[in-house]
Amino acid sequence: MIDLRLVRDDPDRIRASQRARGEAESLVDALLDADAVRRAAVARADGLRAEHKSGSNAIRHASNDERPQLIAKAKHLADEVKAAEADEAAADEALHAAQTAIPNIVEDGTPPGGEDDFVVLDVVRTPPTVDEPRDHTEIGAALRAIDTERGAKVSGARFYFLTGVGAQLEFALVNLAMAQAIDAGFVPIVAPSLVKPEIMQGTGFLGAHSAEVYHLEQDDMYLVGTSEVALAGYHSNEILETLPLRYAGFSSCFRREAGSYGKDTRGIIRVHWFDKVEMFSYVTLDESQDEHQRLLAWEREFMDKLELAYRVIDVAAGDLGSSAARKFDIEAWFPSQGAYRELTSTSNCTTFQSRRLNIRTRTDAGNQHVATLNGTLCAVARTIACLFDHHQQPDGSVYVPAALRPYLGGRELLSP
RNA sequence: GGAGGCUUCGCCUAGUCUGGUCUAUGGCGCCGCACUGCUAAUGCGGUUUGGGUCUAAAGCCCAUCCCGGGUUCGAAUCCCGGAGCCUCCGCCA
């Protein structure tokens with residue numbers, strides 16, 4: 001949810017942002033209209049309420065003679081108040097709808113354009129050269145680490161079992177990620193995967209991409225696609241006394257992957273369920289760009305520990321989620337695909353989420369909404385896929401990066 | 001799943017039976033000032049959160065006693081529905 005005051009004071013800035021995203025500028029004018037209508041409705045209802053209130057107070061002190069007349073008058077006013085309040089509620093709802101229709105304001109410096117218009121900020125390490133590379137599905141099967149066939153038998157397409165060393169790898173990666181996060185001062189958290197509608201709504205996942213989200217109709221609960229949701233909801237309706245707050249959340253993540261038919265159908269790169277360690281920061285708005293760089297740096301640190309060749313990209317405006325003002329992805333090299341594929345993503349959501357979730361902090365200038373930022377530390381399934389693909393050896397074994405070995409009993413190679 | 005209790009402006013709390021200056025009491029904490037020749041004690045004042053009005057500040061107005069309805073001229077208070085928390089019973093990893 002964007003700042004209404006900013007819309008009033010500087011609508012052109014919002015229009016420019018809409019243009020950059022390739023979205024309708026007319027939504028800004030619709031919002032301005034809805035705001036004016038609401039303010040008029042509020043002023044009218046407030047005035048009537050004040051009149052009615054003083055009328056009611058007068059009844060108490062009135063003599064028996066004047067009382068019936070005053071009551072009749074107050075009765076009439078009460079009806080008017082009721083009608084005015086109905087208008088007010090309708091205007092409120094219309095304003096809210098107009099306000100939620102507009103995505104976050106794009107940060108200055110964001111590349112314009114769509115999905116293919118990202119800017120490469122950095123390229124780290126040389127991709128390994130592998131003759132006739134096998135993909136992670138094949139390697140995972142040979143190592144008896146990933147069982148997609150039984151995943152499909154039990155749960156359907158885009159499900160898998162991690163078995164043996166695959167299961168061990170999951171815990172190794174989670175432990176490595178958590179250890180790094182704790183060292184950096186994050187509070188480790190195990191977060192719920194099921195959340196209420198208002199939390200899902202507040203994080204912006206029920207907008208344009210609501211088809212991506214699993215909904216449990218019987219209970220009106222949502223399965224989260226990332227623990228970002230629960231970590232943002234964690235401080236909803238609170239005034240935070242000390243900033244920054246940094247959490248490293250572990251949870252299972254669920255994605256319907258509607259509209260991605262045919263993409264990555266093989267293996268565990270794109271699945272309906274996976275586990276993830278997610279970084280989440282609450283900071284002041286002024287600090288948010290610096291914090292964004294810090295989150296990116298921690299993501300890079302993790303990639304470095306896994307000894308992966310990767311590049312950092314600055315995602316273009318048209319490819320940002322509705323909550324994000326800026327987004328950086330890290331893409332690691334998959335030899336079998338001959339391509340960089342997204343492994344992590346970090347977004348600065350500025351005050352977009354905190355407005356809907358009502359999260360503020362005290363400042364000299366009054367209570368201000370905080371900025372929220374999120375960043376992947378390790379999405380387990382995809383990271384395992386990448387490790388197998390990236391670190392495969394000619395003899396069919398997989399090289400284990402040094403940082404991971406302590407969590408895998410010291411093994412340097414995984415062999416069939 | 002069954003029975004009962006609870007929910008008040010940071011925390012604790014009075015008020016709810018018996019509707020009306022409740023414009024919500026007091027304590028703790030916090031902030032400011034005063035005093036004291038110690039970062040103690042004391043005194044005084046302030047301290048919910050939103051919205052509207054206003055060039056701005058001040059001021060004024062409206063809302064807010066878990067949430068949503070209802071009764072009434074008038075609801076923290078009465079009625080209905082819901083949520084959350086606690087206790088006990090049942091079931092359960």
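On the P atoms, B:A24 is 13 Å away from B:G46, given to the nearest whole Å. Taking atom P on both nucleotides, B:G45 is separated from B:C38 by 24 Å, rounded to a whole Å.
As rounded to whole Å, 12 Å separates atom P of B:U53 from atom CD of A:Glu88. As rounded to whole Å, 18 Å separates atom P of B:U64 from atom CG of A:Asn237. Per the geometry, CG belonging to A:Leu4 stands 10 Å off P belonging to B:G51, to the nearest Å. Atom pair A:Arg355:CZ and B:G51:P shows a separation of 10 Å (rounding to whole Å applied). Per the geometry, CD1 belonging to A:Ile199 stands 14 Å off C1' belonging to B:G84, to the nearest Å. Separating the CD1 atom of A:Ile359 from the C1' atom of B:U49 is a distance of 16 Å, rounded to the nearest angstrom. The CG atom of A:Leu48 sits 16 Å away from the P atom of B:U53 (whole-angstrom rounding). To the nearest angstrom, C1' of B:U49 lies 15 Å from CD of A:Gln368.
B:C28: Watson-Crick or G-U partner is B:G10, with both key distances under 3.5 Å. When both pairing distances are held under 3.5 Å, B:U64 makes no Watson-Crick or G-U pair with any nucleotide shown. The partner of B:U71 is absent, by the rule that a Watson-Crick or G-U pair needs both atom distances under 3.5 Å. The base-pairing partner of B:A76, taking Watson-Crick or G-U wobble contacts with both distances under 3.5 Å, does not exist among the strands shown. In this structure, B:G37 forms no base pair with any nucleotide, since neither Watson-Crick nor G-U wobble geometry is met with both distances under 3.5 Å. Pair assignment for B:G19 gives none, since no Watson-Crick or G-U wobble pairing has each distance under 3.5 Å. The partner of B:G1, taking Watson-Crick or G-U wobble pairs whose two distances both stay under 3.5 Å, is B:C89.
Out of B:U53, B:C73, B:C61, the shortest distance to the side chain of A:Ala74 is found at B:C73. Of all nucleotides listed (B:G52, B:C73, B:U71), B:G52 comes nearest to the side chain of A:Ala43. Distance from the side chain of A:Ile59 is smallest to B:G20 among B:G70, B:C62, B:G20. Nearest nucleotide to the side chain of A:Ala50, out of B:G74, B:C61, B:U49: B:C61.
Using a 4.0 Å heavy-atom cutoff across all strands shown, A:His52 reaches sugar-phosphate atoms only and no base atom. A:Asn57 comes within contact range of no nucleotide atom at all, as no heavy-atom separation falls under 4.0 Å. If you check every strand for non-hydrogen atoms under 4.0 Å, A:Arg38 touches sugar and phosphate atoms only. In this structure, A:Lys73 reaches neither bases nor backbone, as no heavy-atom distance under 4.0 Å exists between it and the strands shown. At the heavy-atom level, A:Arg8 lies under 4.0 Å from the strands shown only through sugar-phosphate atoms.
Map A:Gly55 and A:Ile239 each onto its nearest nucleotide of RNA chain B; the residue landing nearer the 5' end is A:Ile239. Each of A:Asn358 and A:Ser54 has a nearest nucleotide on RNA chain B; the 5'-most of these lies closest to A:Asn358.
For B:G51, the OP1/OP2 oxygens have no side-chain nitrogen or oxygen of A:Arg39 closer than 4.0 Å. Put simply, A:Arg44 has no side-chain N or O that comes within less than 4.0 Å of OP1 or OP2 on B:U53. Phosphate contact (OP1/OP2 of B:A63, side-chain N/O of A:Lys53, threshold under 4.0 Å): present.
The neighbour count for A:Arg150 CZ, taken as heavy atoms of other residues, nucleotides or ligands under 6.0 Å away, does not exceed 12.
In terms of modelled atom types and a separation under 3.5 Å, the side chain of A:Thr351 and the main chain of A:Val370 share no donor-acceptor contact.
For A:Ser397, the side-chain contact (heavy atoms from CB on, under 4.5 Å) test picks out A:Gln393, A:Asp395, A:Leu413, A:Ser415, with sequence neighbours left out. Remark: A:Asn175 engages no residue in a side-chain hydrogen bond (donor to acceptor under 3.5 Å, both in side chains) (not counting sequence neighbours).
Ring centroid separation for the pair A:His136 and A:Phe388 does not come in under the 6.0 Å cut-off. Separation of the A:Tyr247 and A:Tyr234 ring centroids falls under the 6.0 Å cut-off.
Salt bridge present: A:Glu85 and A:Arg49 bring a charged side-chain N and a carboxylate O closer than 4.0 Å.
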